[in-house]
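Accompanying notes for the structure given below.
Reminder, nothing fancy here: chain letters follow the sequence lines and each chain counts from 1. Every value quoted in this text rests on a predicted model; they were computed, and no experiment measured them.
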There are 2 protein chains.
Amino acid sequence: MKNLLRSKKLRVTDFRLAVLTIFEQHKNAISTEQIENELGEFDRITLYRTIKTFIEKGIIHEITMPGNIKKLALCHDNCNAKEHQHQHIHFRCNSCAEIFCLDIDDYPEINLKGYQIDAVEIQAKGICKNCA
Amino acid sequence: MKNLLRSKKLRVTDFRLAVLTIFEQHKNAISTEQIENELGEFDRITLYRTIKTFIEKGIIHEITMPGNIKKLALCHDNCNAKEHQHQHIHFRCNSCAEIFCLDIDDYPEINLKGYQIDAVEIQAKGICKNCA
DNA sequence: AAAATAATTGCAACAGTATTGCAAAAAGAT
DNA sequence: ATCTTTTTGCAATACTGTTGCAATTATTTT
């Protein structure tokens, strides 16, 4: 974890390590609220800033879906400030409401005449393995 | 427009017609802020409620993307409260920041072993026709 | 066409989410 | 150990959205 921060030219602080630890303890994407609950005592503003920094540096990525759903998950690929590139899809279970980052073998190509496509994000909804 | 509201069992009111008119005047997806600006005098709470109702009834759909991007667009398919089904992708231009609902011929199939997929939403980012 | 009914609106108050500026504290470099 | 720069924590503020309730308006019934 310390190396991850250093590789992104971020200082290693207790706060950042605490937040990273929470991310690593969760397989699935988590909400800001969940982080708040698990942090114990903390400063909200610092948390928002930490999240923003992590997103900019490509440590975590944001997943948003209609209905004010907003979650965060660790990047597994090597992302950066400019572009997050994930070869996985975001799956939301309609039963347990968990959001999973799932790898797929053949990531579909999208072609649109006249449009230059730099990044594609795929979201799916349904029933997950555990709830099925 | 009146028939659209009636078909969804909603009362025809000036406010709703005004909001619908704004949607029809825009080819691309628009933000709540844009609607507010174009409405002239209005009540914000009523607008939020109108938007919520329209989404629930399948008149408009929400498009969300990382970075607190949230836009709204008319549904062209016949959507309903339970599920919005669009055979188009959402394209965001990195240059003009517009969000387009674009039809594609071959909407990709997504398969995930063990997961039941009910809906798929595809988002793309790049450079649009006009900006290219 | 008027009265009854039911949905919608507008206001007040409030809640949640997020940002900015700034001084103090902490991390990393010399 | 000291210096420099980043990060934190606090105060204040802004934005986005919601709830309850009374007044108004649209539709239905008579």
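Relative to the side chain of A/Leu10, the nucleotides D/dT7, D/dA11, D/dG17 differ in distance, and D/dT7 lies closest.
Think of the region where chain B sits on DNA chain C: with heavy atoms and a 4.0 Å cut, that region ends 5' and 3' at C/dA6 to C/dA12.
The residues B/Arg92 and B/Glu98 are annotated as not salt-bridged, no charged nitrogen and carboxylate oxygen being separated by less than 4.0 angstrom.
Considering only heavy atoms from C-beta on, A/His61 stays 4.5 Å or farther from A/Ile55 through its side chain.
B/Phe100 and B/Phe91 have tilted rings, their planes meeting at an angle from 30° to 60° on a 0 to 90° scale.
Two rings, from B/His76 and B/His86, have their centers 6.0 Å or more apart.
Residues B/Asn68 and A/Lys70 have side chains that bring a donor and an acceptor to within less than 3.5 angstrom of each other.
Nearer the 5' end of DNA chain D, as judged by each residue's closest nucleotide, is the contact made by B/Arg44, out of B/Arg11 and B/Arg44. With DNA chain C read from its 5' end, the first of the two nearest nucleotides for A/Val12 and B/Arg16 is the one closest to B/Arg16.
Put simply, the side chain of B/Arg49 and the base of D/dG17 share no donor and acceptor less than 3.5 Å apart.
Contact annotation for A/Thr13: backbone-only contact, meaning every heavy-atom pair under 4.0 Å involves sugar-phosphate atoms and none involves a base.
If one axis is set at each end of the helix from C/dA1-D/dT30 to C/dT30-D/dA1 from five pairs, those axes are 40° apart, to 10°.
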